[in-house]
Amino acid sequence: MALYQTAAGILDRLQQKEGAVKTLVYDSGYKNVRQLYALLCETLRYSTVIEEIIKSSELLRGPKKLPMNLAKVLVYDLLFGKGLQCGGRWKSTILAHRARLQAELAKLKVKKKVSNNQDLVTSMGGSLDGPALPRYVRVNTLKTSMDDVLTYFKRQGYTYLGKARSIKELIDFGQKSGKSFLQDLHIPNLLVFPPSTDFHKDSLYTAGHLILQDKASCLPALLLDPPVGSCVIDACAAPGNKTSHLAAIVQNKGKIFAFDLDTKRLATMSTLLLRAGVTCQELANQDFLTVSPCDPKYQKVSHILVDPSCSGSGMPDRMRVLTEESGSDQDERLQALSAFQRRAVSHALRFPSVQYVVYSTCSIHQQEDEDVVKDILEQHPDFRYVHILSLWYTAIMLWR
């Protein structure tokens with residue numbers, strides 16, 4: 001029952017706008033995060049259908065009233081998933097209504113003039129899965145080399161197709177299956193696998209030789225590109241993939257100061273960095289905005305990565321699409337986010353020896369991107385921005 005109760009609690013928190021879905025899943029403490037994420041994802045996708053069935057079946061009436069969100073995850077697994085995977089009184093309640101729930105589902109299909117579940121979802125305004133993206137894996141050069149990893153996968157029966165020659169080839173790889181892989185076109189030490197490839201039990205992943213990191217997440221550290229031995233700040237560091245990437249770039253020499261206000265996320269980050277073999281970090285459970293640029297320990301900081309909280313509107317995440325706000329709620333949230341982003345970048349530019357600052361978001365909203373950079377440059381005329389990837393015009397670096 002723990003799976004369903006945890007999922008229902010996350011749905012409650014989503015309604016209260018307490019965080020993004022993936023963050024809430026990872027912060028939940030539930031051991032099987034993939035199972036939890038999948039249940040939430042599918043429940044949200046079927047949400048309109050499930051709510052209609054719950055209403056028409058009168059499931060929530062009676063003395064033993066189920067909480068709505070708990071009912072939704074239970075009904076999803078009963079009607080559309082793998083069947084209920086729990087015991088207890090709530091299972092008994094759902095099973096007592098099974099015939100009625102199934103009958104209401106059948107009636108709804110007749111009413112909408114559809115014959116299958118997928119068509120029913122779309123007929124009621126739901127969304128199907130978007131195009132699949134490749135699975136990206138970064139080779140952790142603190143523990144291994146690209147050549148050794150290529151050799152390993154070839155021995156595992158994978159076919160190495162060489163370096164990608166175009167963006168189209170990478171996009172098309174999102175439709176592939178089977179045991180083949182590419183090297184990314186733009187980012188060194190990044191491999192590309194078919195979307196269904198699972199590395200969670202792979203020995204290279206569990207030993208920290210591979211980092212599961214999306215391509216976009218690799219860009220900020222790559223663009224900052226601090227020299228070996230540099231002093232670097234990762235201002236909003238958890239869960240730590242970018243920090244580990246920075247450590248690989250500086251070859252574990254110098255110092256990386258990493259800050260995050262969330263205690264649980266920082267603990268997760270500490271575990272990730274330990275597994276990745278990072279030794280040059282200094283973690284602090286602290287709001288970056290409270291860090292004094294005048295503190296002597298930061299006098300040699302020359303490179304800062306600012307990857308603050310954002311709307312996530314640029315993430316190809318079907319759960320984000322299903323829960324995204326609109327209208328005035330979204331406008332209000334964007335204003336709050338962009339205000340924090342401005343403060344974070346402005347604070348980074350106050351460190352006395354800083355030369356390079358990379359500001360990155362996973363947002364497509366102008367309020368969080370161009371508008372922030374424009375305002376910051378007006379406040380700090382001694383910095384300028386540069387386009388540092390000729391084919392990626394959204395890559396912005398602030399440079400003194």
Side-chain angles (χ1 to χ4, degrees), residues 20 216-226 230-243 245-246 249 255-262 265-266 269 282-284 286-295 297-315 331-389 392-400:
S217 177
C218 294
L219 282 170
L222 173 72
L223 301 180
L224 187 61
D225 194 25
S230 298
C231 287
V232 183
I233 284 178
D234 190 350
C236 309
N241 281 338
K242 297 180 183 70
T243 311
H245 195 183
L246 287 169
I249 292 171
K255 179 69 73 174
I256 299 176
F257 300 100
F259 301 94
D260 204 277
L261 192 56
D262 190 306
R265 283 165 59 85
L266 201 68
M269 177 178 173
E282 183 175 316
L283 305 187
Q286 184 178 357
D287 183 347
F288 173 63
L289 295 177
T290 68
V291 177
S292 172
C294 299
D295 190 320
K297 73 190 297 184
Y298 306 123
Q299 293 306 295
K300 293 183 179 180
V301 169
S302 58
H303 293 67
I304 299 181
L305 173 56
V306 183
D307 185 59
S309 299
C310 71
S311 64
S313 57
M315 296 175 65
D331 291 341
E332 184 176 339
R333 182 165 181 253
L334 288 177
Q335 289 176 10
L337 286 168
S338 62
F340 168 72
Q341 292 153 0
R342 285 177 175 85
R343 292 197 301 272
V345 180
S346 183
H347 190 64
L349 300 185
R350 294 191 175 99
F351 284 75
S353 299
V354 67
Q355 295 296 313
Y356 299 93
V357 175
V358 163
Y359 167 58
S360 63
T361 74
C362 44
S363 170
I364 59 173
H365 294 302
Q366 179 175 321
Q367 298 99 307
E368 298 180 274
D369 297 328
E370 292 88 348
D371 289 355
V372 169
V373 173
K374 179 177 179 293
D375 289 350
I376 290 298
L377 291 175
E378 289 176 354
Q379 296 171 22
H380 299 270
D382 50 335
F383 280 84
R384 65 186 179 91
Y385 75 86
V386 290
H387 293 294
I388 47 181
L389 283 178
W392 297 62
Y393 293 107
T394 57
I396 300 296
M397 176 182 282
L398 302 179
W399 180 36
R400 175 175 282 168

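Values below: all heavy atoms of this structure, side chains included; hydrogens, waters and symmetry mates excluded.
- Heavy-atom minimum distance, L222 versus H245: N-CE1, 4.2 Å.
- Between Y298 and F257, the ring planes are perpendicular. Angles over 60° get that label, and only those under 30° would be called parallel.
- One finds the CD1 atom of I233 at 11.0 Å from the CD1 atom of I256 (value rounded to the nearest 0.5 Å).
- Nearest heavy-atom pair, E368 versus T361, reported as atom, atom and distance to 0.1 Å: O-CG2, 3.8 Å.
- Taking the side chain as every heavy atom from C-beta outward, V301 and S353 never approach each other to under 4.5 Å.
- Using a 4.5 Å cut-off on side-chain heavy atoms (C-beta onward), H347 and P293 make contact.
- Nearest heavy-atom pair, Q335 versus S338, reported as atom, atom and distance to 0.1 Å: O-OG, 3.2 Å.
- A donor-acceptor pair shorter than 3.5 Å can be found between the side chains of T243 and D234.
- Partners of P308 by side-chain contact (heavy atoms from CB on, under 4.5 Å), not counting sequence neighbours, listed by chain and number: C236, V306, F340, Q341, Y359.
- The two residues R333 and S311 come nearest to each other via the heavy atoms NH1-CA, 3.7 Å.
- Rounded to the nearest 0.5 angstrom, Q367 CD and L337 CG are separated by 10.0 Å.
- With R342 as the fixed residue, the salt bridge (charged side-chain N to carboxylate O under 4.0 Å, His left out) test singles out one of D371, D369, D375: D375.
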- prompt: Could you walk me through whether K297 and E282 pass the side-chain contact (heavy atoms from CB on, under 4.5 Å) check?
  reply: CA-CA 11 Å; K297 73 190 297 184; E282 183 175 316; 2.5 Å; yes
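- Note that the CG atom of D382 and the CG atom of L377 stand 10.0 Å from one another [nearest 0.5 Å].
- Every residue two or more places apart in sequence or in another chain was checked for a salt bridge (charged side-chain N to carboxylate O under 4.0 Å, His left out) with R265, and none qualifies.
- Two residues are said to be in side-chain contact when any heavy atoms from C-beta on lie closer than 4.5 Å; L305 and V232 fail this criterion.
- Rounded to the nearest 0.5 angstrom, K374 NZ and Q379 CD are separated by 11.0 Å.
- Contact between M269 and G240 at its shortest, heavy atoms only, is CG-CA, 3.7 Å.
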- request: Start with the C-alpha gap between V357 and F351, add the side-chain angles, then the distance that decides, and say whether side-chain contact (heavy atoms from CB on, under 4.5 Å) holds.
  value: CA-CA 10 Å; V357 175; F351 284 75; over 6 Å; no
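- The ring pair (Phe, Tyr, Trp, His ring centres under 6.0 Å) test applied to H303 returns Y356, not counting sequence neighbours.
- Rounding to the nearest 0.5 Å places NE2 of H380 at 5.0 Å from CG of L349.
- Atom OG in S363 sits 6.5 Å away from atom CG in L334 (nearest 0.5 Å).
- In terms of heavy atoms, P352 sits closest to Q299 at CG-OE1, 3.5 Å.
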